[in-house]
2 protein chains.
Amino acid sequence: MTASSPTRRERLRSATVSEIKEGARKLLVAGGPQAISLRQIARDMGMTAPAIYRYFPSLEALVVALAEDLMDEVAGEVAAAGEAAGDDPGRQLAAMARGYRAWAVANPVEFGLVFGAPVPGVGDLGLECLPDDPGADLGRPFLAAFLRLWQREPWPTPPRDYMLEHLGPYLGPLRETHGDLPIEVAYTFLSGWARLYGMVAMEVFHQVRWALTRPEALFEAEIVQFLSQVGALPDPRP
Amino acid sequence: MTASSPTRRERLRSATVSEIKEGARKLLVAGGPQAISLRQIARDMGMTAPAIYRYFPSLEALVVALAEDLMDEVAGEVAAAGEAAGDDPGRQLAAMARGYRAWAVANPVEFGLVFGAPVPGVGDLGLECLPDDPGADLGRPFLAAFLRLWQREPWPTPPRDYMLEHLGPYLGPLRETHGDLPIEVAYTFLSGWARLYGMVAMEVFHQVRWALTRPEALFEAEIVQFLSQVGALPDPRP
DNA sequence: TGCGATAGTAAACATCGTTCACCTGACTGA
DNA sequence: TCAGTCAGGTGAACGATGTTTACTATCGCA
């Protein structure tokens, strides 16, 4: 009576859970994480605040659940963008990077909740630090594309010995799920992810406005530069 | 009677202002931005909450002032690290990057307040989007080091025409204070800053734990890689 | 010495998360 | 069919918050 056919009660319950999370997101978007208020959500739903405690043990737990949903949402959009880009791993990488930025720019407050400073008790409890981290779902398609690209034709990287010594011992979580991952691919993936994350967070968090009025221009230039660096584009230099 | 000799009242006042901000920072570190409470600060100071309104018009204003102080602090430490690194601009860049990361790792919550998701009303009011942004003080020494490095010997970049067309029109704020800045330097600076910011934010915000147990290792590898890319290190490749 | 700005207090208001006691209505087992 | 269990919801209450208002005392300058 659990998975096969959800009983009527379970359907109503999950609908209410969704409505609560929708209300929380609306408040989040309108006024930031601080503006998420149980009482306001309940008012919007025509309920009273204590009723929400039948569905979430605390406000914090609700925010954690919302953050997990948002992580799933962005991971889904990124993966979809990659799949819609055809079979070439280079194009897939570009499409996924653009999809990630597009989601972030379209949902800046949500981005801050999921990818920003961990709200005390949220980031440390909800998103644990182990291999089944929700972040892994986001990284996986990037990793797969890098791997296919590498198998087709390797690109220049720092010397293998250096990476094996300085990076290898700390790739534990990554190697548990991808045991056969060449360290060159792991390095390039991590380096590229940091560049992507940095570029997007910088734009969404307003950290670059003092120097650049159109961050998307730099983003596109970096995509071209990075892809040519991993041999996925004709070298853009003359 | 303003600048020359601060009157006794002014001295006491600025001491109280500092004490308030110290209390705010203590609460920030202990429990995140949400934990900054006027009443708690006042209690710790042996006062009542409304007294603080003689010094700050609102809690938000206090947080903004604290954030500005923190930005000054990190900018000062970064600049000091650069100056302590001698005359070579490559060494200066490495020292400043390490100094930035060191401050962030030592003060993660403060980093989140200054470089994380803009608290609604804080990031948008306090850190305006124009050339006198406090972020500029942080970027300036990096920019200067890049410029000296470029004047000594240029490094390979994307083609000048591409950058002039796609990036040039949006460098307004940067060019107002550095009119003669070669666009290659501007691009390298922005790209490098995004990489540095991304690497540090990723570590401090716990966005990479699922793949890497020791982010500092990747950070150091990236410093080597980047510096060799701009010709500030012997190429680490065999 | 007197006066005015300054710093501080106490009380109050609206809001918040959370807990408790209570109620009600739907589903279930005999 | 009927009794009973329990999920879902309410209302009141507690302690905490930011903020405003009215009031008071004290410091420092003329």
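Chain letters run A, B, ... following the sequence lines, proteins first and then strands; every chain starts at 1.
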**Report entry** B/Tyr197/B/Tyr100 aromatic ring centres below 6.0 Å
**Finding:** no
Query raised in the report: Does A/Phe146 have its ring centroid less than 6.0 Å away from the ring centroid of A/Tyr187?
Result: no
Interatomic distance where [atom1] belongs to [X] and [atom2] belongs to [N] [whole Å]:
X: A/Arg43; N: D/dG9; atom1: CZ; atom2: P; result: 17 Å
X: B/Arg13; N: C/dA5; atom1: CZ; atom2: C1'; result: 12 Å
X: B/Leu12; N: D/dC29; atom1: CG; atom2: P; result: 11 Å
X: A/Leu27; N: C/dC16; atom1: CG; atom2: C1'; result: 13 Å
X: A/Gln40; N: C/dA14; atom1: CD; atom2: P; result: 17 Å
X: A/Glu60; N: C/dT18; atom1: CD; atom2: C1'; result: 13 Å
X: B/Leu38; N: C/dG8; atom1: CG; atom2: C1'; result: 15 Å
X: B/Ile20; N: D/dG18; atom1: CD1; atom2: P; result: 13 Å

**Report entry** B/Phe219 six-ring centre to B/Arg101 NZ/CZ under 6.0 Å and within 45° of normal
**Finding:** yes
Query raised in the report: Base, sugar-phosphate alone, or nothing: which one does B/Thr16 contact when heavy atoms must sit under 4.0 Å apart?
Result: nothing
Report task. With heavy atoms under 4.0 Å as the rule, sort A/Leu62 into base, sugar-phosphate or nothing. Result -> nothing
Given [options], identify the nucleotide with an atom nearest to the side chain of [X].
X: B/Ala51; options: D/dG9, C/dT9, C/dG17; value: C/dT9
X: B/Arg54; options: C/dT9, C/dA7, D/dG9; value: C/dA7
X: B/Ser37; options: C/dG8, D/dG18, C/dT19; value: D/dG18
X: A/Pro50; options: D/dG8, D/dA12, C/dA10; value: D/dA12

Query raised in the report: Starting at the 5' end of DNA chain C and moving along, which residue's nearest nucleotide shows up first, B/Tyr55 or A/Leu59?
Result: B/Tyr55
Query - OP1 or OP2 of C/dT18 under 4.0 Å from side-chain N/O of A/Tyr53 - result: yes
Query - Side-chain N or O of B/Thr48 closer than 4.0 Å to phosphate OP1/OP2 of C/dT9 - result: yes
Query raised in the report: Between A/Trp103 and A/Glu73, does any side-chain donor sit less than 3.5 Å from a side-chain acceptor?
Result: yes
Query - side-chain hydrogen bond (donor to acceptor under 3.5 Å, both in side chains) between B/Ser191 and A/Gln225, intermediate numbers included - result: CA-CA 10 Å; B/Ser191 170; A/Gln225 177 74 355; over 6 Å; no
**Report entry** Pair of N/O donor and acceptor under 3.5 Å linking C/dG17 base with A/Arg39 side chain
**Finding:** yes
